[in-house]
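Here is the structure we will look at, set down as structure tokens.
Numbers for residues simply follow the sequence, beginning at 1.
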Amino acid sequence: MCRIFGYISVKPLSPAFAFFSGATNLFTLSKEHDDGWGIAWTGSAGWELYKESSALYRSETAPSLIRSINAMLVIAHIRKASRGELSFENTHPFVSDGWAFAHNGTIEDYSVLRSMLGDREDKLQGNTDSEAFFQLLIKNIEEKGSVVDGVKGTIEAMNGLEYTSLNAIFSDGNQLYVLNYFLDENIEYYTMHIGRFMIDGVELIAAASEPVGGIEGWEKIGNRKLVVIDRRLRVSVYPLP
């Protein structure tokens, strides 16, 4: 499986705390989740993206790059591959049509999932279940005209498919969305966490697969919930079927 992290803040902030601070952080976790890593962040012209198909802890670029990022929206991922070869195209986060997305879980019925995409199948750059799930999510959001309804529609469309988890952190560049939805019995592994923090004098709300950064205040989201955080750090929680 993988580990995912994201935050939205009131002012630009470095994500270095999640990567390097505390006993548990993305750098240390990448020694187990060592099949690639990536980070997407909002810049002046939209989403910026950097990823590598090798382990974060082995990267010579990561330390200086991460510390140079100063952004109000960040999504990061460290990969433990379950489908698709190790390549740039298969490494999270994925960016498409103004959205950035990272997923933790395995969806077994890849061919069925891909067949649901319609014209959006042409958007796929790699061959992971996660990227196909991302494109299906965008498709349903566009068709429903609402992120919440699009998420619900995607879950309904995937009813009957075999998967462990649909856990995801994604953003349209304006709000941060955190989906905690799993079928696997490993509750502790798949329960997402969220917290409101003050880092270097900047208030933010962060979400992660597990608490990182050596900071206090992480709380479990719980299964079958969609959390939406806006630019003013207002939080809305939507229960899912």
Side-chain angles (χ1 to χ4, degrees), residues 1-8 73 75-77 82-83 92-94 96-110 112-118 120 128-196 205-211 218-241:
M1 298 301 111
C2 311
R3 300 281 83 180
I4 52 179
F5 168 82
Y7 72 73
I8 183 168
L73 263 168
I75 295 175
H77 185 276
S82 58
R83 178 181 176 81
H92 309 222
F94 304 105
S96 179
D97 298 276
W99 290 88
F101 171 94
H103 169 232
N104 173 32
T106 301
I107 304 166
E108 299 293 347
D109 303 287
Y110 176 70
V112 176
L113 180 62
R114 186 166 180 152
S115 71
M116 297 179 181
L117 298 181
R120 294 204 73 87
T128 63
D129 51 312
S130 297
E131 187 187 14
F133 171 39
F134 176 37
Q135 291 298 338
L136 182 62
L137 189 61
I138 296 176
K139 177 178 182 288
N140 282 301
I141 290 171
E142 291 180 347
E143 289 178 354
K144 301 287 186 180
S146 157
V147 174
V148 176
D149 290 340
V151 169
K152 291 179 178 178
T154 302
I155 292 171
E156 290 172 1
M158 296 177 65
N159 185 34
L161 297 188
E162 183 181 350
Y163 59 84
T164 56
S165 132
L166 303 181
N167 287 358
I169 297 176
F170 55 103
S171 175
D172 57 0
N174 294 305
Q175 300 189 104
L176 188 70
Y177 301 90
V178 185
L179 176 60
N180 199 177
Y181 199 98
F182 56 90
L183 299 180
D184 193 281
E185 294 180 357
N186 192 343
I187 295 174
E188 288 304 314
Y189 186 85
Y190 286 110
T191 294
M192 298 281 289
H193 298 76
I194 193 169
R196 185 184 296 266
I205 293 178
S209 299
E210 61 187 275
W218 292 98
E219 298 180 357
K220 293 179 180 179
I221 292 174
N223 197 13
R224 301 187 180 228
K225 292 179 183 176
L226 174 68
V227 179
V228 182
I229 309 119
D230 69 14
R231 288 284 191 179
R232 296 173 65 181
L233 304 188
R234 294 176 298 194
V235 178
S236 302
V237 181
Y238 299 89
L240 299 169

State, yes or no, whether a side-chain contact exists between Phe101 and Ile75 at a heavy-atom distance under 4.5 Å. no
Closest heavy-atom pair and its distance - Cys2, Tyr189: O-OH, 3.3 Å
Just by modelled atom types, is the Gln175 backbone N or O under 3.5 Å from a matching donor or acceptor in the Asp172 side chain? yes
Check the pair Val235 / Ile205 against side-chain contact (heavy atoms from CB on, under 4.5 Å), numbers first and verdict last. CA-CA 9 Å; Val235 178; Ile205 293 178; 3.4 Å; yes
Once you round to the nearest 0.5 Å, how far does NE2 of His103 lie from OG1 of Thr128? 9.5 Å
Atom pair OG (Ser146) and NZ (Lys152), whose distance is rounded to the nearest 0.5 Å: 8.0 Å
Nearest 0.5 angstrom please: Ser171 OG to Tyr7 OH, how far? 12.0 Å
Working note: Leu113 + Glu131, criterion side-chain contact (heavy atoms from CB on, under 4.5 Å); need CA distance, chi angles, decisive distance, verdict. CA-CA 10 Å; Leu113 180 62; Glu131 187 187 14; over 6 Å; no
Student check: side-chain heavy atoms of Ser236 and Tyr238 closer than 4.5 Å: yes
Which atom names give the shortest non-hydrogen contact between Phe5 and Ala206, and what distance separates them? CE1-CB, 4.0 Å
Smallest heavy-atom separation, Ser165 atom then Phe182 atom, equals CB-CB, 3.6 Å
Distance check, rounded to the nearest 0.5 Å: Leu117 atom CG versus Asn140 atom CG? 9.5 Å
Report the C-alpha distance between Val151 and Leu137 in whole Å, list the side-chain angles of each, state the deciding distance to 0.1 Å, and finish with yes or no for side-chain contact (heavy atoms from CB on, under 4.5 Å). CA-CA 6 Å; Val151 169; Leu137 189 61; 3.9 Å; yes
Arg224 (side chain) donor-acceptor with Pro241 (main chain) under 3.5 angstrom: yes
Would you say the side-chain atoms of Asp109 pair up with the backbone N or O of Glu162, donor to acceptor, closer than 3.5 Å? yes
Strictly distance-based, threshold 3.5 Å: is any side-chain N or O of Asn180 a donor or acceptor partner for the main-chain N or O of Tyr190? yes
For Ile8 and Leu233, the nearest pair of non-hydrogen atoms, with its separation, is O-CD2, 3.4 Å
Student check: side-chain heavy atoms of Glu108 and Leu161 closer than 4.5 Å: no
Answer whether the closest heavy-atom distance between the side chains of Ser209 and Met192 falls below 4.5 Å. yes
How many angstroms lie between atom CG of Asp97 and atom CD1 of Ile138, to the nearest 0.5 angstrom? 5.0 Å
Whether over 12 other heavy atoms sit under 6.0 Å from Glu219 CD: no
Of all heavy-atom pairs linking Leu240 and Leu226, the shortest is CD1-N, 3.9 Å
Note: Glu188-Lys220 ion pair, threshold 4.0 Å (strictly below): yes
Give the C-alpha distance, both sets of side-chain angles, the deciding distance and a yes or no for side-chain contact (heavy atoms from CB on, under 4.5 Å) between Tyr163 and Asp129. CA-CA 10 Å; Tyr163 59 84; Asp129 51 312; over 6 Å; no
Rounded distance [0.5 Å steps], CD1 in Ile194 versus CH2 in Trp218: 8.5 Å
Can you check whether Phe133 reaches Thr154 side chain to side chain, under 4.5 Å on heavy atoms? yes
Can you see which heavy atom on Met158 is nearest to which on Leu166, and at what distance? CE-CD2, 3.5 Å
Please examine the side chains of Ile221 and Val237, heavy atoms only from C-beta on, and report whether any two atoms are closer than 4.5 Å. no
Go through the steps to decide whether Phe134 and Phe170 satisfy the test ring-ring contact (aromatic ring centres under 6.0 Å, His included), and finish with yes or no. CA-CA 9 Å; Phe134 176 37; Phe170 55 103; 8.1 Å; no
